[in-house]
Every structure is written in C-alpha cells, then in structure tokens.
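Computed from a prediction, not measured in an experiment: that's the story for all the values here. Proteins get letters first, then strands, A, B, ... in listed order; numbering begins at 1 in each.
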Amino acid sequence: MHGVHNEGLIDLFARTTDDIVSLEEFRALLDSRRQLRIKFGADVTAPFLHLGHAVNLWMMREMQERGHQVQFLIGDFTTRIGDPTGRSTGRPERSQADIEHDAAAFLEQIAAVLITDNPALFTVRRNAEWWGAATAADLVQRLGAVTVSRLQSRDMFRSRQESGSEVRMHELIYPVLQGWDSVELASDLTIVGSDQLFNESMGRFFQERQGQQAQVIITTKITPGLDGVKKQSKSLNNFVALADSPRDKFGKIMSLADALVVQWLQVYTTLPLPEIEQIDQGLAAGSLHPMEAKRILAQALVERYHGRPAAAAEDRWFRETFSERAFPADAPQLCLRPGRIKLLDLLVLLAPDQSRSELRRLLLSGAVLLGAEKLADPQQLLDFPEGSCHEVKLGRRRHFRLLVQEE
RNA sequence: GGAGAGAUUCCCGAGUGGUCAAAGGGGGCAGACUGUAAAUCUGUUGGCUCAGCCUUCGAAGGUUCAAAUCCUUCUCUCUCCA
C-alpha cells in the first residue's frame, strides 16, 4: 500500500517533470521508507525567486510533507567562483558579505513554499564547510577522477570555445565542485532545472566512486515567461516573483500572453488536469473568453501563495478597476492644503519618483483624469477648497484620492 | 610578450568635425481599441524656471568659432599570433 501512495507522488511530479535519472531508482528510494535527504543547492547570486524556481520548491515541499528532509546548500564557496551555466562570459567573483546577504534574502523567499522552521525537515549547509577545509591535494585528487574531454563535452563550454570566447579553469572545474557537494551531503535526491543536469550528474559520478548510492536527479520543465518567448529572468523583467504582492501577481498574470494560459495552469497551479483540459477546449472552441481563462489562472496562483480570500479580493479589484473602470476603493490617500496649485506641481506631489518632464509628457498624452475630467495643461491652476475630496487617475494603473484640509 | 578591434542615451546598435539630445530595433510608459495590465494601431522615451536653456556618447586633458566624431594619456573589454 505504500507503493500505491508513492505512485500518486510520481503522477503528481509528472506534471512538472522533464526527466528522472532514474525512475527505477526513485521508486526504490521511496519504497525504502527511510527519510530521504534532498539536496537543494542554491547559487545565491540573484536572490529573486520567481514562479519557475517555485516549481522545484513545490516538489520539494511535497517531499517534506512525506517526512523527507531538504538540505539547503548555500554555495558560499562555489558562488565565489560563479557558475558558468547560461553565461556567455565569466561572472565576476563576489565577496563573502554579499553572499551572506543574498543567502538571507534567498531563505526568506523560499519560506513562501518550503517548510523552513522544522529542523527535521529542513537544514542549512554551506559548502565552504568542506571546500574551505580542503587542501590542494584533496582538490587535485578529486579533479583526477574526471577527464577534461568530459567537462569540455558540455554544450555550453563547447559553444563558447567554438565562438572563440574563453573558458577559464575555475569555470571548467565548477561541475566537479558542485558534484562533490552531493558526496558531502550524502544526497539521495535533487530536483533541479534541466540546465543543471550536467552538474548534478557529476554528483552521481562522485557518489558512486565514493561507494555511496548515487542521488536521483529530477529535472523540471522550463516554462516561458510572461512574454511567451524567453524563460523567466530578472533581466528580461518577464517574471512573476515570489515576493510580488498578491495584486502584482494577479496583474502580471493578466498581462500574460493569451496563448500561454493552459501551459501555466499546468505547471504553476494544482488545478486538476481534467479542469485544465476543459479550459483548453473552451478556448479552442471560443466558448471561453481568454480573459476568463486568465482570471482562473490568476486566482489559482494567488490562492496558492496568499490564500483564497486574497485571491477573491484581487479578482474583484481587477474587475472593478480594469473591466468596469471604477475608481478603486483602496487607492492611496493624500492630504493637500487648500488653495491654488499648478497642475504639474500637483502631479509632482503624487509621483515624486518621476521627473517633471516625464509627468509633463504624461499630461500632454492625456493620461491624467481629475474626477471624470481629462486635464492636459501643465500650467493650469487648480483651486481646491477646504474639505473637498478628489479622485486623480494617472495613467491606467495609478490612482490617488485627494483630501483637501488644513493640517 | 607581440599585432589589431572596440567602449554611444534602460538594452542592442547606427553615427567619423557643424543640420546630434544623437538613426533603427527591443524594452518601458501613454493614448485608441478591448469583457485582459492579451493582440493590434498610434504617440512618446536625458533634465529644467520648456517655442529657450543645461547636462550626456569609458576617464582626464588638448586642437577648433564648433567634437560622440580629430590628437595625447589612462582604464576596461574582445580578437588574433607566439
């Protein structure tokens, strides 16, 4: 009966899994009924976790629910070197202080998904523990196990060499270091993006060599970001961050390319597959408006991270504000002294982060509403009597309520 | 160590003495349209006391009435040779 339970898990994982090395070994691990150690190695360079990262985290959470332990490995040693994955050029090295700062931010974000406050289910390790203590002889010995051609066979290294850009020694060695970490942790399982398969395979290699059971590697699917083309990344600004507010999560989903809704439902929510299938058919047949499908997605997602009430509230807010164009009830309120003020000066008060030139342009393009009236003259003098209240709309998304009173 | 190439406004990338606040694309923002913060179209995208002025083209100097464009030095990046 335990086996049946585990089959359920494998089905659940199938939804977001790209590949398992190997499925048989994974089954055997689950059947062993012991607590498994899950290696969660983090390159803490950019502590901005998005939905893509969360896919792996949710799978680990699922394992925690079954009593297994996530070993969060801060790559404080390896981060100083810089993982060359996906880089066309080497990364700059980083200071220990930067790394610690980023690690703390990282931990805070994964707490949105993982259980981090139970030591039986979550521990923190640092690979400087062993790499800091290793001697040159240790390193050379470990390097001796691996052939250069094997390291060079990695696509990324090959393409860099072919295109004439350089590969530095420490980058070449990176997979060895990351692989050895699995030995030190005695890792049973690791769940990573498919771009990490090569590095984690080195882990299996070293574990076997050291007489350990090789870790199982589950790689996950990489899903395109909001633009529908590239994977989510900070620099492309096409991601939904775990740290985003419920409102931003909802809004960003509504700006997702329509064609991606079904895929996102599959990967980023736990909505039952038959329901997703229905949505897919509805969209294809035209009986379901794309916006409705996106609302379902946005609600499911906000609910997953912030709970059902938040999801319902944000859905209502979005409908009222964008579909019905109502002035949102929770718009930020500002107090203003009674008297005359130039329109442009008023805007500067409302949006102090923008330059006057920017605001002037906004004004001229017709983006400013006072009540229902469109205002476009920067020099216009407005007269606000004591006690009056006004609604100001600045573009599509910014709303302010003005209270005029003597302070 | 030797020989070349290059550093441009958020990003990519034109621009080789005045017509350059600097083409084009991307991204952003805004307007129209829309049951979407989709798609599409249009506009806009250094700052300000805004029909004018000020500050930008790796850094510092210099030539010139005038420089992103020429000269000198420096810093960094890349390519090739050994």
Side-chain angles (χ1 to χ4, degrees), chain A residues 87-93 159-168 224-241 244-265 279-280 282-284 286-302 314-328 331 341-345 347-348 350-369 372-381 392-399:
Chain A
R87 298 272 153 173
S88 51
T89 54
R91 277 184 192 175
E93 298 179 17
S159 64
R160 264 166 70 175
Q161 280 180 318
E162 277 165 13
S163 72
S165 66
E166 55 194 16
V167 175
R168 308 232 169 202
L226 291 170
D227 55 10
V229 185
K230 301 267 179 58
K231 70 175 183 178
Q232 297 187 64
S233 89
K234 194 179 156 197
S235 53
L236 294 172
N237 197 27
N238 65 345
F239 60 93
V240 178
D244 279 338
S245 68
R247 181 153 303 169
D248 275 345
K249 284 196 181 85
F250 201 101
K252 282 182 177 181
I253 298 280
M254 294 309 285
S255 80
L256 177 70
D258 285 358
L260 275 136
V261 181
V262 170
Q263 192 182 351
W264 275 49
L265 277 167
I279 291 171
D280 194 15
L283 285 171
S287 58
L288 180 68
H289 193 287
M291 187 207 60
E292 288 300 340
K294 267 197 270 190
R295 270 182 64 204
I296 295 170
L297 172 65
Q299 284 186 73
L301 217 120
V302 172
E314 290 313 326
D315 180 52
R316 191 177 336 109
W317 188 89
F318 189 89
R319 266 204 334 273
E320 287 173 358
T321 307
F322 294 109
S323 302
E324 295 159 24
R325 313 259 162 128
F327 197 86
I341 185 167
K342 255 196 234 168
L343 180 51
L344 187 58
D345 291 327
L347 295 188
V348 171
L350 297 178
D353 52 315
Q354 283 186 286
S355 72
R356 294 175 75 86
S357 297
E358 270 179 297
L359 291 169
R360 182 187 305 272
R361 269 181 242 120
L362 270 182
L363 217 41
L364 293 176
S365 63
V368 178
L369 289 181
E373 194 186 352
K374 190 173 275 193
L375 302 179
D377 175 12
Q379 300 305 322
Q380 180 174 354
L381 273 175
V392 181
K393 194 174 166 206
L394 190 54
R396 281 187 264 207
R397 279 142 76 174
R398 278 178 295 177
H399 309 264

Under 3.5 Å on both distances, the Watson-Crick or G-U partner of B/G17: none

Qualifying residues under side-chain hydrogen bond (donor to acceptor under 3.5 Å, both in side chains), relative to A/K374, sequence neighbours excluded: none

B/A37 versus B/C48 - spacing of their P atoms, nearest Å: 30 Å

Interatomic distance at C1', B/U16 relative to B/G31, whole Å: 39 Å

Watson-Crick/G-U partner (both atom distances under 3.5 Å) of B/C80: B/G2

Qualifying residues under salt bridge (Lys or Arg N to Asp or Glu O under 4.0 Å), relative to A/D345, sequence neighbours excluded: A/R356

B/U56 - base-pair partner by Watson-Crick or wobble geometry, distances under 3.5 Å: none

Separation of the C1' atoms in B/U64 and B/A21, to the nearest angstrom: 22 Å

Assigned partner base of B/U63, Watson-Crick or wobble definition, under 3.5 Å: none

Results of salt bridge (Lys or Arg N to Asp or Glu O under 4.0 Å) for A/D377 - residues two or more places apart only: none

Same-atom distance (P) from B/G17 to B/G6, integer angstrom: 16 Å

Per-nucleotide protein contact string for nucleotides 35-50 of chain B, where B marks a base within reach and S marks sugar-phosphate only (heavy atoms under 4.0 Å, - for neither): BBBB-----SS-SBSB

Counterpart residues, salt bridge (Lys or Arg N to Asp or Glu O under 4.0 Å), relative to A/R295 (two or more places apart): A/E292, A/D315

Span that lies between the P atom of B/U9 and that of B/G4, in whole angstrom: 28 Å

Distance between P atoms of B/U19 and B/A66 (Å, rounded): 14 Å

Who pairs with B/A22 - Watson-Crick or G-U, where each distance is under 3.5 Å: none

Interatomic distance at C1', B/U63 relative to B/C71, whole Å: 7 Å

Spacing of A/L364 atom CG relative to B/G31 atom C1', expressed in whole Å: 13 Å

Nucleotide opposite B/A30 in a Watson-Crick or G-U pair, distances under 3.5 Å: B/U42

4.5 Å side-chain heavy-atom contact, A/V368 and A/K393: no

Whole-Å distance separating the CG atom of A/L226 from the P atom of B/G28: 10 Å

Distance between P atoms of B/A67 and B/C20 (Å, rounded): 15 Å

For A/F318, ring-ring contact (aromatic ring centres under 6.0 Å, His included) partners two or more places apart: A/F250, A/F322

Any side-chain heavy-atom pair of A/L362 and A/Q354 under 4.5 Å: yes

